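Okay, so here's the structure we're looking at.
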Amino acid sequence: MSMRFLRTRRGVCALVLLLGLWTAPAFGQACAMCYANAKATPKDGQRALNRAIFVMLVPPLGIMSVGVGLAFRYGKRRDREQE
């Protein structure tokens with residue numbers, strides 16, 4: 001793909017669609033046995049599993065959010081220095 005094509009809105013949409021289709025097989029990776037065992041647990045156990053998944057999700061999202069924020073901050077500062 002040329003850089004000129006990627007600059008257009010159609011090119012960006014096509015690239016996002018292509019990346020989305022490339023990752024589609026990952027959505028089918030749910031383990032049927034794990035799902036069945038999780039469903040068989042009592043409501044308190046299901047709540048504990050949901051809470052554990054949330055707790056394990058927060059640190060990576062926090063780290064990524066801080067990283068993206070610092071990248072934008074650095075980019076703005078660099079743009080101001082170049083002017």
Side-chain angles (χ1 to χ4, degrees):
M1 287 188 204
S2 68
M3 289 303 290
R4 183 182 222 172
F5 177 72
L6 288 177
R7 288 185 187 146
T8 65
R9 185 174 292 184
R10 182 185 288 177
V12 171
C13 289
L15 184 63
V16 168
L17 179 67
L18 185 67
L19 287 174
L21 290 174
W22 183 49
T23 60
F27 294 122
Q29 298 298 318
C31 172
M33 193 166 74
C34 296
Y35 179 78
N37 283 333
K39 275 295 192 188
T41 60
K43 288 290 182 189
D44 289 337
Q46 291 177 4
R47 226 175 289 125
L49 282 172
N50 286 336
R51 190 171 295 138
I53 291 169
F54 180 71
V55 167
M56 289 179 8
L57 184 67
V58 169
L61 287 177
I63 291 169
M64 290 301 296
S65 298
V66 169
V68 168
L70 289 174
F72 275 109
R73 186 173 154 192
Y74 171 75
K76 286 180 181 180
R77 186 181 332 150
R78 185 192 59 208
D79 291 344
R80 273 187 262 137
E81 287 175 358
Q82 287 180 354
E83 289 175 354

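Positions are given from 1 along the sequence. Everything numeric in this text was worked out from a predicted model, so none of it was measured. Only heavy atoms go into these numbers, but all of them, side chains included; no hydrogens, no water, no symmetry mates.
- When the side chains of ILVMFWY residues are joined at heavy-atom separations under 4.5 Å, either directly or via intervening members, Leu15 and Trp22 end up in a single hydrophobic cluster.
- The stretch residues 38-51 participates, sequence neighbours left out, in these salt bridge (charged side-chain N to carboxylate O under 4.0 Å, His left out) pairs: Asp44-Arg47.
- Screening residues 65-75 for side-chain hydrogen bond (donor to acceptor under 3.5 Å, both in side chains), with sequence neighbours left out, gives no hits.
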